[in-house]
Amino acid sequence: MHLVDTHAHLDFRQFDADRGAVLGRAQAAEVAAVVNVGTDLASSRRAVALAAEYGQIYAAVGMHPHDAKGLDGAVRADLRELAQQPKVVAVGEIGLDYYRDRSPRDMQVRAFRAQLGWAGKMGKPVVIHDREAHDEVMDILTAWAQGLQGSSLSERLGVLHTFSGDLTMAERAIELGFYISISGPVTYKNAHRLARVVQALPLERILVETDCPFLTPHPHRGKRNEPAYVRLVAEKIAALRGISFADLAEATTANAQRLFQFEV
């Protein structure tokens, strides 16, 4: 009954004092693997270093939309080089964030398209950040997916992480070749729309994640999140779908392995 936390930020300073203990608790909770996701060049380098240090960690490298204004030619080249390192399984997190708007929107779009472009050329799936930008994210992903039809990547294009859209958006993403990842908010009392999405999704396209140190699930909300708590997310999804935890764990782990091409 292994689980995979498909989106974590264990390189963040919140884990500097006890990173080893955090991974120990994850292992005790039957979390067999963690995908540590970069948000800029520095954190992508740290993600790669953690993957080299810890057997259960894999890495994704990329530039978050918050930092899109910093994606110049030199940074792009460094990220592409990092993406070729062992245990780098995806490009991300990339996308659009029209809630914070920490980078101008035109720069976010350019950075998003640029990183999609080289991810496709390298055969790497992508980890998508989408906040208050659903329509534009889906338009850009649709155009990208159409250009990859028939490629080895076409059935595992990537994942929409911490999904916040509606069922129509989820179904459109799945049809393109994406997975849908669910995190802590599914455990919150007011997450009625997300619960309905989770109940309707095809099981073979669901992933689980923490996005730690953020989005801590109930009953630990308000405290630092960590990979062990992905079990709470999985248990909630299993309950919503009326299936056993074992079946949910088996399915989501198989999905993660199929998307990211690793064994646990």
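A 6.0 Å sphere centred on CD of Glu250 holds no more than 12 heavy atoms belonging to other residues, nucleotides or ligands. Counting heavy atoms of neighbouring residues, nucleotides and ligands inside a 6.0 Å radius, atom CZ of Phe262 exceeds 12 of them. Heavy-atom neighbours of Gln199 CD from other residues, nucleotides or ligands within 6.0 Å: above the threshold of 12. In Asp135, the CG atom is not crowded: 12 or fewer heavy atoms of neighbouring residues, nucleotides or ligands sit closer than 6.0 Å. The environment of CD in Glu204 is crowded: more than 12 heavy-atom neighbours from other residues, nucleotides or ligands sit within 6.0 Å.
Rounded to the nearest 0.5 angstrom, Thr187 OG1 and Glu235 CD are separated by 11.0 Å. Between His7 atom NE2 and Ile182 atom CD1 the span is 13.5 Å, to the nearest 0.5 Å. To the nearest 0.5 Å, atoms NE2 (His161) and CG (Leu215) are separated by 8.0 Å. Atom OG in Ser44 sits 12.0 Å away from atom CD in Gln85 (nearest 0.5 Å). A distance of 9.0 Å separates CZ in Arg221 from OG1 in Thr216, rounded to the nearest 0.5 Å. Taking OG1 of Thr162 as the start and CG of Asp130 as the end, the distance is 10.5 Å to the nearest 0.5 Å.
The closest donor-acceptor contact from the side chain of Gln115 to the backbone of Ala111 lies under 3.5 Å. With hydrogens and angles disregarded, no donor-acceptor distance shorter than 3.5 Å links the side chain of Arg156 to the backbone of Pro125. Of the possible donor and acceptor atoms, one in the side chain of Gln257 sits under 3.5 Å from a partner among the backbone N and O of Val264. At least one donor-acceptor pair under 3.5 Å links the side chain of Lys124 to the backbone N or O of Val88. A donor-acceptor pair under 3.5 Å links the side-chain atoms of Lys87 to the main chain of Ala51, judged by distance alone. A donor-acceptor pair is defined here as one N or O able to donate and one able to accept, closer than 3.5 Å; no such pair exists between the side chain of Asn36 and the backbone of Ala59. Judged purely by atom type and a 3.5 angstrom limit, Arg100 has no side-chain atom pairing as donor or acceptor with the backbone of His66. Put simply, the side chain of Ser103 gets close to the backbone of Ala68: a donor and an acceptor are under 3.5 Å apart. Of the possible polar contacts, one joining the Arg224 side chain to the Gln14 backbone as a donor-acceptor pair under 3.5 Å is found. A side-chain donor-acceptor contact under 3.5 Å links Arg205 to the backbone of Gly177.
Pairing each heavy atom of Ala173 with each of Ile180, the nearest pair is CB-CD1, 4.1 Å. Scanning both residues, Thr253 and Leu3, for their nearest heavy atoms gives OG1-CA, 3.5 Å. Considering all non-hydrogen atoms of both residues, Arg102 and Lys69 come closest at O-NZ, 2.8 Å. The minimum heavy-atom distance linking Gly62 with Leu79 is given by the pair N-CD2, 4.0 Å. Of all heavy-atom pairs between Ala256 and Leu207, the closest is N-CD2, 3.5 Å.
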Exercise. For the pair His64 and Ser43, evaluate side chain to side chain contact (heavy atoms under 4.5 Å, CB included) and give the outcome as yes or no after the intermediate values.
Key: CA-CA 10 Å; His64 191 286; Ser43 66; over 6 Å; no
Quiz item: Going through the checks in order, is the side chain to side chain donor-acceptor pair (under 3.5 Å) test met by Glu93 and His9?
Solution: CA-CA 11 Å; Glu93 64 188 276; His9 300 286; 3.2 Å; yes
Exercise. Could you walk me through whether Ser183 and Glu209 pass side chain to side chain donor-acceptor pair (under 3.5 Å), step by step?
Key: CA-CA 5 Å; Ser183 60; Glu209 64 165 283; 4.7 Å; no
Practice problem: Would you please test Met169 and Phe163 for side chain to side chain contact (heavy atoms under 4.5 Å, CB included) and show each step? | Solution: CA-CA 10 Å; Met169 179 182 174; Phe163 185 74; 4.1 Å; yes
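Donor-acceptor pairing under 3.5 Å is recorded for the side chains of Tyr179 and Arg258. In this structure, a donor-acceptor pair under 3.5 Å is absent between the side chains of His129 and Gln108. Side-chain N/O atoms of Arg172 and Thr142 include a donor and acceptor closer than 3.5 Å. Using a 3.5 Å distance cut-off with no hydrogens or angles, the side chains of Asn255 and Thr252 do not pair a donor with an acceptor.
Between Asn225 and Phe214, every side-chain heavy-atom pair lies at or beyond the 4.5 Å cut-off. Looking only at side-chain heavy atoms (C-beta outward), Val230 and Val4 stay at 4.5 Å or farther from each other. For the pair Val186 and Val198, the minimum side-chain heavy-atom distance is below 4.5 Å. Two residues are said to be in side-chain contact when any heavy atoms from C-beta on lie closer than 4.5 Å; Leu194 and Pro185 meet this criterion.
A side chain to side chain contact (heavy atoms under 4.5 Å, CB included) with Ile237 is found for one member of Leu201, Val208, Leu203 and no other, namely Val208. Met63 pairs with exactly one of Thr39, Ile94, Leu71, Val91 by the side chain to side chain contact (heavy atoms under 4.5 Å, CB included) rule, that one being Leu71.
For the pair Arg105 and Tyr98, the cation-pi criterion (under 6.0 Å, within 45° of the ring axis) is fulfilled.
In this structure, Tyr229 has its ring center under 6.0 Å from that of His220.
Using a 4.0 Å cut-off between charged side-chain N and carboxylate O, Arg110 and Asp106 make a salt bridge. Under 4.0 Å is where a charged nitrogen must lie from a carboxylate oxygen, and between Arg131 and Asp101 no such pair does. For the pair Arg45 and Asp78, the salt-bridge criterion is met [side-chain N within less than 4.0 Å of a carboxylate O].
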